[in-house]
Structure formats: structure tokens, C-alpha cells
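Notes follow the structure.
All values reported here derive from a predicted model rather than from experimental measurement. Quick note: numbers below take in every heavy atom, side chains included, and nothing from hydrogens, waters or symmetry partners. Positions are given from 1, in the same order as the sequence printed here.
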Amino acid sequence: MLHLASRSPRRLDLLRQLGLEPALLDVDVPEVRAAGEPALDYVNRVAREKAGAGLLAVAGIPGAVVLAADTEVVLDDQVFGKPSDAGDARAMLRRLAGRTHQVATVVWVASASREASARVVSDVTFDPVDDDRLAAYLACGEWRGKAGAYAIQGRAAAFIAHLSGSYSGVMGLPLRETAGLLRAHGVAA
């Protein structure tokens with residue numbers, strides 16, 4: 001049975017697009033980047049730790065498969081996680097405006113006998129965003145709980161001039177890569 005070690009409703013929706021209905025696991029893994037830790041190593045570590053925590057939670061369930069992922073926005077080796085408040089969100093979006101940044105998603109799939117991962121990095125270019133558009137976006141509240149303070153599948157799509165990579169990866173779960181990992185673990189996707 002597939003278990004999703006994530007609180008993300010977007011990841012659950014994306015797995016449902018693959019025809020899957022995983023059991024949900026609420027894992028608590030600190031998302032704190034270590035001093036000097038490269039951004040992509042950080043994303044990989046957090047996703048792997050989530051998978052490990054999930055696997056511990058289902059250790060007594062025969063055939064359990066755990067999927068975990070982490071997605072972060074990266075600009076100039078700075079990781080833009082979830083904003084703490086509207087001011088933090090505003091600062092992030094101002095830095096991203098008119099520039100190209102990366103969205104890195106790492107997926108880990110683990111069972112009692114094996115683990116495997118996939119990493120997808122997409123380039124996202126934002127248009128310049130004026131203060132009025134930024135204020136309107138912040139007022140809608142969509143930025144809450146989103147890495148980099150935006151959701152590509154929401155109103156922030158109007159800011160995006162170009163995407164090179166995986167749309168679903170920017171949402172939080174690259175479907176092609178995830179389906180391949182799951183098939184390798186015997187989960188039909």
C-alpha cells in the first residue's frame with residue numbers, strides 16, 4: 001500500500017491524477033538548511049528524511065511503500081521556503097520578479113527492501129511585477145504555505161513569462177518521474 005509522507009494537498013491531488021489514493025502520514029521533519037549546505041543537497045536531504053520518517057511510521061505494515069518529496073525555490077543559491085508572513089512573501093516575490101529562478105523537487109520512494117529517488121530542477125522566469133499587482137496577489141493569500149510565496153497553478157501563473165522543465169514538479173511532484181519510481185516499487189501508476 002502506498003503512503004504519502006506529506007501535508008501537501010497539492011501532492012495528494014497530483015497522485016490522484018495518477019489514479020492513486022495513498023494513505024496519509026503526518027511526519028515532522030525540520031526543514032532547516034545547514035550552514036554551507038548546497039541548495040540541492042538540502043532539498044534532497046529533507047525529502048529523504050521525510051521518507052525515512054514515514055517508513056518508520058509504517059514499519060509494521062507488510063508491503064508498505066512511502067513516497068515523500070520536498071520542493072524549494074532557489075535563486076542565487078538562496079532557498080526561498082515558505083514565507084513567515086506577508087512581508088516575507090513580498091520580499092521573496094520582489095527578488096524573483098524579472099528574473100529566472102530554479103524550482104527543485106526531489107522525490108523519494110522507500111519500502112522495507114529498497115529506496116530510490118528522482119530530482120527535477122525547472123527554470124521559471126517571472127515578468128517584472130509592479131507594486132499594484134504584487135499587492136493584489138498578496139491580498140488574495142495564495143502565497144501562504146508555498147515555497148517562494150507562489151503557486152504556479154494559481155494566480156501567480158500570470159507572473160510567469162517562461163517555464164523550462166516540469167510543470168507538475170513546480171507544483172510539488174513531478175508526475176513522470178514519480179510514476180517511474182512507483183512502478184519500480186510495484187505500485188501501478
Self-check item: Contact summary for Met92 and Gly81, nearest pair of heavy atoms
Solution: CE-O, 3.4 Å
Quiz item: Checking side-chain contact (heavy atoms from CB on, under 4.5 Å) for the pair Leu4/Leu25: CA distance, chi angles, key distance, verdict?
Solution: CA-CA 6 Å; Leu4 174 61; Leu25 300 173; over 6 Å; no
Quiz item: Does anything in residues 106-120 pair up under salt bridge (charged side-chain N to carboxylate O under 4.0 Å, His left out), and if so which pairs, sequence neighbours excluded?
Solution: Arg48-Glu115
Quiz prompt | same_hphob_cluster(Leu24, Leu182) at 4.5 Å side-chain heavy-atom cutoff | solution = yes
Exercise. State, with a plain yes or no, whether a side-chain heavy atom of Arg7 is found less than 4.5 Å away from one of Asp28.
Key: yes
Quiz item: So which residues get pulled into Val32's cluster when ILVMFWY side chains under 4.5 Å apart are joined, directly or through others?
Solution: none
Practice problem: Locate the shortest heavy-atom distance separating Ala5 from Lys50; write the atom from each residue and the value. | Solution: CB-O, 3.8 Å
Quiz item: Linking I/L/V/M/F/W/Y whenever any side-chain heavy atoms sit under 4.5 Å apart, do Leu56 and Met1 land together?
Solution: no
Practice problem: Check the hydrophobic clustering (I, L, V, M, F, W, Y; side-chain heavy atoms under 4.5 Å; chains of links allowed) and say if Leu55 and Val107 are grouped together. | Solution: no
Practice problem: First locate atom OH of Tyr42, then atom CD of Glu31, and finally report the distance between them rounded to the nearest 0.5 Å. | Solution: 5.0 Å
Exercise. Consider only side-chain heavy atoms of I, L, V, M, F, W and Y, link residues closer than 4.5 Å, and tell whether Leu134 and Ile152 are in one cluster.
Key: yes
Quiz item: Which distance, rounded to the nearest 0.5 Å, do you find between the CG of Leu14 and the CG of Leu20?
Solution: 11.5 Å
Self-check item: Interatomic spacing from CG in Leu15 to CZ in Arg10 - rounded to 0.5 Å
Solution: 13.0 Å
Self-check item: Check against salt bridge (Lys or Arg N to Asp or Glu O under 4.0 Å), Arg90 and Asp131
Solution: CA-CA 10 Å; Arg90 178 181 288 107; Asp131 289 340; over 6 Å; no
Practice problem: Grab the two heavy atoms, one from Leu138 and one from Ala86, that are nearest each other, plus how far apart they are. | Solution: CD2-O, 4.1 Å
Practice problem: Just do the side-chain contact (heavy atoms from CB on, under 4.5 Å) check on Leu18 and Leu175 with the steps written out, would you? | Solution: CA-CA 8 Å; Leu18 294 177; Leu175 290 180; 3.9 Å; yes
Enumerate donor-acceptor pairs with a distance under 3.5 Å from any side-chain N or O in residues 96-106 to protein atoms, sequence neighbours excluded.
residue : atom : partner : partner atom : Å
Arg99   : NH1  : Asp76   : OD2          : 3.2
Arg99   : NH2  : Asp76   : OD1          : 3.2
Arg99   : NH2  : Asp76   : OD2          : 2.9
Thr100  : OG1  : Thr125  : OG1          : 2.6
His101  : ND1  : Val124  : O            : 3.3
His101  : NE2  : Tyr150  : OH           : 2.7
Gln102  : NE2  : Asp123  : OD1          : 2.9
Thr105  : OG1  : Thr71   : OG1          : 2.8
Thr105  : OG1  : Gly169  : O            : 2.7

Quiz item: How close do Trp143 and Pro83 get, heavy atom to heavy atom, and via which atoms?
Solution: CE3-CG, 3.6 Å
Quiz item: Between Gly172 and Arg11, which heavy-atom pair has the shortest distance, and what is it?
Solution: O-NE, 2.7 Å
Quiz item: Taking it one step at a time, do Ser122 and Val120 satisfy side-chain contact (heavy atoms from CB on, under 4.5 Å)?
Solution: CA-CA 7 Å; Ser122 301; Val120 174; 4.1 Å; yes
Quiz item: With a 4.0 Å cut-off, would you call Asp130 and Arg133 a salt bridge?
Solution: no
Quiz prompt | Pair listing, side chain to side chain donor-acceptor pair (under 3.5 Å) test, anchored in residues 169-187, at least two apart | solution = none
Quiz item: At what distance, to the nearest 0.5 angstrom, does OG of Ser111 lie from CG of Leu2?
Solution: 11.5 Å
Quiz item: How far does CG of Leu163 sit from CZ of Phe126, to the nearest 0.5 angstrom?
Solution: 11.0 Å
Quiz item: What residues join Leu40 in its hydrophobic cluster, counting side-chain heavy atom gaps under 4.5 Å, either direct or through other members?
Solution: Val121
Listed pairs under 3.5 Å, donor-acceptor, residues 60-67 side chains, sequence neighbours left out:
none

Quiz item: Do you know which two heavy atoms are closest between Gln153 and Met171, and how far apart they sit?
Solution: OE1-CG, 3.5 Å
Quiz prompt | Inter-residue atom distance Gln78.CD - Glu72.CD, 0.5 Å rounding | solution = 11.5 Å
Practice problem: Indicate yes or no for a side-chain donor-acceptor contact from Glu49 to the backbone of Val46 under 3.5 Å, with no hydrogens or angles considered. | Solution: no
Self-check item: Between Trp108 and Asp70: side-chain donor-acceptor atoms closer than 3.5 Å
Solution: no
Exercise. Give a yes or no answer on whether the side chain of Glu142 reaches the backbone of Arg155 with a donor-acceptor pair at less than 3.5 Å.
Key: yes
Quiz item: Under 4.5 Å between side-chain heavy atoms, hopping through other hydrophobics if needed: is there a path connecting Val43 to Val170?
Solution: no
Quiz item: Under the side-chain contact (heavy atoms from CB on, under 4.5 Å) criterion, do Lys146 and Lys82 qualify, and how do the steps go?
Solution: CA-CA 5 Å; Lys146 310 289 191 302; Lys82 297 172 183 135; 5.9 Å; no
